[in-house]
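Since the structure comes first, as structure tokens, the remarks are kept for the end.
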Amino acid sequence: MRLLGVGMCAAALLVGLAVAPAQADTGAGYTPGPGLRGVGWAAKATGEEGVRFRGLAAVSRSTAWVAGSKGTVLRTGDGGRSWQDVSPPGAVAEGLELRDIEAFDARRAVALSIGEGGASRVLRTEDAGVTWTETFRNPDPRAFYDCLTFLDARHGLAVSDPVDGKFRILATEDGGRSWRVLPDAGMPAALPGEAGFAASGQCLVASGPRDVWLATGGGPVARVLHSSDRGLTWRAADSTVPAGDPARGVFALAFRDRTTGLAVGGDYRTGQASPQAAARTADAGRGWSRADTPPPAYRSGAAWFPYGRSTALAVGPTGTDVTTDAGRTWRTLDTGSYDTVDCTADGGCWAAGEKGRVARLEAVRTEGR
């Protein structure tokens, strides 16, 4: 489902989180020691103010890829101090909307463009974006691919909005070099109006070698579908995030492991209320519970924070929220506009969004240090 949205300008705030020790490169010569308390978004200038980055793949604290409008792909290997424009020439020429990117390392990445029919494509690079190969172009005018995910370096899936009444799943077993449409016998029927949201590259997510989840909206109920066999069969569960309108539903999922997950969303239209915009599960998505204190507005991206098993971030056009109790309560940390967020095991949390905005979560000086 094509998503349009308007964001706000960013304002960096301090984050009062107690996290494990990290070696943070803040760009200011400050290395935090044990007992790190303060972190916040540090903007990383990309020079692409006319691009909206909804695709983000964090590899480490130093390396990240972003993908967005106008066929744009950028890559950094120095923590965001500099960016290389590694955009696929064909995607730039056609102005493709690159809404998702998945990276295996600093050299290998797979990007998804969205749209009806042939606008939905998969592109792959093995040389840090110097060259790209188109490995899939959607031949069906009824299909519209929204999101992409990889379970490991070989197995990946992409999802299209329903075709013939069911979500369509595309699969690769060779790292994105070739793709095939999976049979839909194990896919439950879609609800009237139900679709995925191409908002942050997180409407389809994986954890471990076989488990994958799909977020939906637009129908009478916002659902989360789970597959434990790499997309062959699926089980649907109602979330607690409100739907009932084409602009409402679950926009992003994040799973810490194969059982513990978060769902965020709401109504993406500017000025529309988004009550109960977050949910949580502890049983692989079979059941979902409302957040006791949800984010105050629509959120389009989510990621588990690498330090602390109960800490996660959610981002959207009006701010960033954090939970330290696995999604039961959320509090706002920042009022800047971001569409997507991704974290790595070494403490590399990145966010990206409108006006070419990319930021990394970093330690900040506090009074008296």
Side-chain angles (χ1 to χ4, degrees), residues 1 99-100 102 110 112 114 120 122 136 138 140 142-152 154-173 176 179-241 243-244 246 248-265 279-289 302:
M1 179 184 291
R99 294 292 181 93
D100 200 352
E102 303 290 328
V110 179
L112 173 74
I114 68 162
S120 284
V122 178
F136 173 77
N138 172 37
D140 191 335
R142 302 170 298 168
F144 186 115
Y145 285 86
D146 297 300
C147 292
L148 173 74
T149 193
F150 275 84
L151 297 91
D152 54 42
R154 293 170 48 221
H155 298 92
L157 300 173
V159 61
S160 164
D161 289 338
V163 177
D164 294 329
K166 293 184 177 182
F167 285 94
R168 176 170 288 182
I169 302 296
L170 190 68
T172 179
E173 296 180 352
W179 298 82
R180 65 186 178 96
V181 174
L182 294 182
D184 66 2
M187 176 66 73
L191 303 176
E194 191 176 29
F197 290 107
S200 60
Q202 295 177 328
C203 68
L204 186 71
V205 301
S207 180
R210 304 189 67 83
D211 289 275
V212 61
W213 293 264
L214 164 62
T216 81
V221 178
R223 302 194 296 174
V224 178
L225 283 66
H226 173 224
S227 171
S228 58
D229 55 12
R230 295 180 183 152
L232 292 176
T233 61
W234 297 78
R235 181 184 63 246
D238 294 351
S239 79
T240 62
V241 176
R248 297 178 192 153
V250 177
F251 282 71
L253 299 168
F255 274 78
R256 188 186 67 199
D257 48 43
R258 70 175 310 271
T259 59
T260 308
L262 302 169
V264 299
R280 56 191 172 88
T281 182
D283 59 8
R286 287 188 293 273
W288 291 86
S289 301

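On a predicted model such as this, the values are computed, not experimentally measured, just so you know.
Between E173 atom CD and R180 atom CZ the span is 5.5 Å, to the nearest 0.5 Å. Note that CZ of F136 is 4.5 Å distant from CG of N138, once rounded to the nearest 0.5 Å. We find the CG-OG distance between D211 and S228 to be 6.0 Å, quoted to the nearest 0.5 Å. Separating the CD atom in E102 from the CG atom in L148 is a distance of 5.0 Å, to the nearest 0.5 Å.
No side-chain heavy atom of R286 sits less than 4.5 Å from a side-chain heavy atom of T281. Counting heavy atoms from C-beta outward, V122 and V110 have side chains that approach closer than 4.5 Å. Side-chain contact check for L204 versus V212: some heavy-atom pair is nearer than 4.5 Å. Looking only at side-chain heavy atoms (C-beta outward), L112 and Y145 come within less than 4.5 Å of each other. In this structure the side chain of L214 reaches within 4.5 angstrom of the side chain of W234, judged on heavy atoms. Residues C203 and L253 are not in side-chain contact: their nearest non-hydrogen atoms beyond the backbone lie 4.5 Å or more apart.
Applying the side chain to side chain contact (heavy atoms under 4.5 Å, CB included) test between I169 and each of V181, L157, D184 identifies L157 as the sole match.
Panel note: side chain T172, backbone G156; no donor-acceptor pair is recorded below 3.5 Å. Remark: side-chain polar atoms of S239 are paired, donor with acceptor, to backbone N or O of A222 under 3.5 angstrom. With T259 contributing its side chain and D283 its backbone, the two residues share no donor-acceptor pair below 3.5 Å. The backbone N or O of A198 sits less than 3.5 Å from a side-chain atom of R99, completing a donor-acceptor pair. With hydrogens and angles disregarded, no donor-acceptor distance shorter than 3.5 Å links the side chain of K166 to the backbone of A189. Checked by atom type and distance alone, the side chain of R230 pairs as donor or acceptor with a backbone atom of P209 at under 3.5 Å. Looking at S160, its side chain does come within 3.5 Å of a backbone N or O of F144 through a donor-acceptor pair. A donor-acceptor pair is defined here as one N or O able to donate and one able to accept, closer than 3.5 Å; no such pair exists between the side chain of E194 and the backbone of T216.
When all heavy atoms are compared, the tightest approach of A190 to P162 is CB-CG, 3.6 Å. For A143 against R168, the heavy-atom pair with the smallest separation is CB-NH1, 4.3 Å. The minimum heavy-atom distance linking S227 with L232 is given by the pair OG-N, 3.8 Å. Looking at every heavy atom in both residues, A206 comes nearest to T149 through N-OG1, 3.5 Å. The shortest heavy-atom contact between R235 and A284 is NH2-O, 4.4 Å. Between L170 and W179, the shortest heavy-atom distance links the atoms CG-CE3, 3.7 Å.
Ion pairing of D140 with R142 is present here, as a side-chain N (NZ or NE/NH1/NH2) and a carboxylate O approach within less than 4.0 Å.
When the ring pair (Phe, Tyr, Trp, His ring centres under 6.0 Å) test is applied to F255, the partners found at least two apart in sequence or on another chain are W213.
Aromatic ring pairs are classed by plane angle as parallel below 30°, tilted from 30° to 60° and perpendicular above 60°; the pair F251 and F197 is parallel.
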Step by step, work out the side chain to side chain donor-acceptor pair (under 3.5 Å) result for T233 and D229.
-> CA-CA 7 Å; T233 61; D229 55 12; 2.6 Å; yes
Criterion side chain to side chain contact (heavy atoms under 4.5 Å, CB included) on T260 and R280, from CA distance to verdict | CA-CA 8 Å; T260 308; R280 56 191 172 88; over 6 Å; no
